[in-house]
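Numbering of residues begins at 1 and proceeds along the displayed sequence. This structure is a prediction, so every number in the text was calculated from the model and none was measured.
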Amino acid sequence: MTTSPDTVDSTTAAGGRLRTVLSAGERPARATAVSATLTHLWRAMMAFKHFPVQLIDIVLMPLIFLLMFTYLFGGAFADSTEEYLQFYLPGVTVQAVVMMTVYTGTSLNTDIHKGVFDRFRTLPFWQPATLAGSLLGDVLRYVVALTTTVSLGLLLGFRPDGGFLGVLAAVLVLIVFGFSVSWIFAALGVVASEPERVSGTSMIVLYPLLFMSNIFVMPETMPGWMQAVVDANPMSHAATASRELMHGTAGFWDVGLVLCVSAGLVAVFAPLTMRLYRNKNAH
């Protein structure tokens, strides 16, 4: 089939006009690492708008545990539900935050399996912003969970001797701790075969750590070998810091130890997660 000169000329002219249109404006500046991270943070926050059902887990789970343990087991543990509430509420805030960290891994793994990850890979922005934005978005989950849990505790009769500043300090420490733990599940989210595997594996790890801590009962009531496990558990350190800050008796190492543990988790799992993410990006 022979192409006529007129057809060639019209095609060339159309191509020239197209190039003129495409080159008429300036190319947008490449997104910086900060702006890309903030964009993904906004995307994570919009998940609450489009999937409000997740608020049920964030709000109801801590409240159910608070009510159940206080009124079903408080009398047996402390001979008084009111006395047990003073002990248990600072501990259940740790549980509320740690349970939320699983969302980091499941949401990341969902993006990978739905193809969103592949779409992000083709765009010219700092690729780790996807991780950083999701992790920062989880801070909103922590704030919601902590606010609702402490508010219900106050309604039930919890009275923190450390006052508002003590509660605020405990909340800030727990947010830092939750942020560090979320890096673990972010790494799991990158390598897991499916989102259900992330949540299933996370529960297998989290529930023993939560229950083998001083969140629910004092370690002095446990066998000696269990006390050693509880004393070495990072959840126990976080619960102790929260408890002491809320009741105004915190010492330097009560808080310092939690911050050191948090820094250690970030130092280990943040580079590991980034490396796993880049390797997956390369494939």
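Here the straight-line distance linking atom CE of M99 with atom OG of S202 works out to 9.5 Å at 0.5 Å rounding. We find the CG-CG distance between N233 and N214 to be 8.0 Å, quoted to the nearest 0.5 Å. Taken to the nearest 0.5 Å, the CG atom of D161 stands 7.5 Å off from the CD atom of Q86. We find the CG-OG1 distance between L174 and T93 to be 4.5 Å, quoted to the nearest 0.5 Å. To the nearest 0.5 Å, atoms CD1 (I184) and OG1 (T101) are separated by 7.5 Å. Separating the OG1 atom in T70 from the CZ atom in F77 is a distance of 10.5 Å, to the nearest 0.5 Å.
Of all heavy-atom pairs spanning M235 and S213, the tightest one is CB-CB, 4.1 Å. In terms of heavy-atom proximity, L89 sits nearest to G153 at CD1-CA, 3.1 Å. When all heavy atoms of I215 and A239 are compared, the pair lying nearest together is CG1-CB, 3.8 Å. Closest non-hydrogen pair, G178 versus Y142, comes out as O-OH, 3.2 Å. Minimum heavy-atom separation, P234 to F177: O-CZ, 4.0 Å. The minimum heavy-atom distance linking A186 with L135 is given by the pair CB-CD2, 4.5 Å.
Between N109 and L188, the closest side-chain pair of non-hydrogen atoms is not below 4.5 Å. Using a 4.5 Å heavy-atom threshold, the side chains of M100 and V97 count as separate. Residues F87 and E83 are not in side-chain contact: their nearest non-hydrogen atoms beyond the backbone lie 4.5 Å or more apart. You'll find the side chain of L108 stays beyond 4.5 Å of the side chain of V198, heavy atoms only.
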For the pair V102 and M203, evaluate side-chain contact (heavy atoms from CB on, under 4.5 Å) and give the outcome as yes or no after the intermediate values. CA-CA 9 Å; V102 179; M203 293 303 105; 3.6 Å; yes
Tell me, with the steps shown, if F269 and M274 meet side-chain contact (heavy atoms from CB on, under 4.5 Å). CA-CA 8 Å; F269 285 97; M274 291 296 187; over 6 Å; no
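Cluster annotation: L136 and V266 are assigned to the same hydrophobic cluster (Ile/Leu/Val/Met/Phe/Trp/Tyr, side-chain heavy-atom contacts under 4.5 Å, transitive). Note: the hydrophobic cluster containing L63 also contains Y88 (ILVMFWY, side chain heavy atoms under 4.5 Å, direct or indirect links). Clustering ILVMFWY residues whenever any of their side-chain heavy atoms sit less than 4.5 angstrom apart, transitively, puts L209 in the very cluster that holds M226. If you chain together hydrophobic residues whose side chains sit under 4.5 Å apart, W225 and F211 fall into the same group. L165 and L245 end up in different hydrophobic clusters when Ile, Leu, Val, Met, Phe, Trp and Tyr side chains are linked at under 4.5 Å.
Considering only residues two or more places apart in sequence or on other chains, Y71 meets the side-chain contact (heavy atoms from CB on, under 4.5 Å) condition with L67, T81, L156.
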Output side-chain donor-acceptor pairs under 3.5 Å for residues 166-173, partner residues at least two apart or in another chain, one line each.
none

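Screening residues 237-268 for ring pair (Phe, Tyr, Trp, His ring centres under 6.0 Å), with sequence neighbours left out, gives F158-H247.
Side-chain contact, D231 with S236: no donor N or O sits under 3.5 Å from an acceptor N or O.
Between the D254 side chain and the G251 main chain, a donor and an acceptor come within less than 3.5 Å of each other. With hydrogens and angles ignored, the 3.5 Å screen pairs a side-chain donor or acceptor of T147 with a backbone N or O of V143. Formation of a donor-acceptor pair under 3.5 Å by the S182 side chain with backbone atoms of F179 is found in this model.
The aromatic rings of F73 and F69 sit tilted, their planes meeting at an angle between 30° and 60°.
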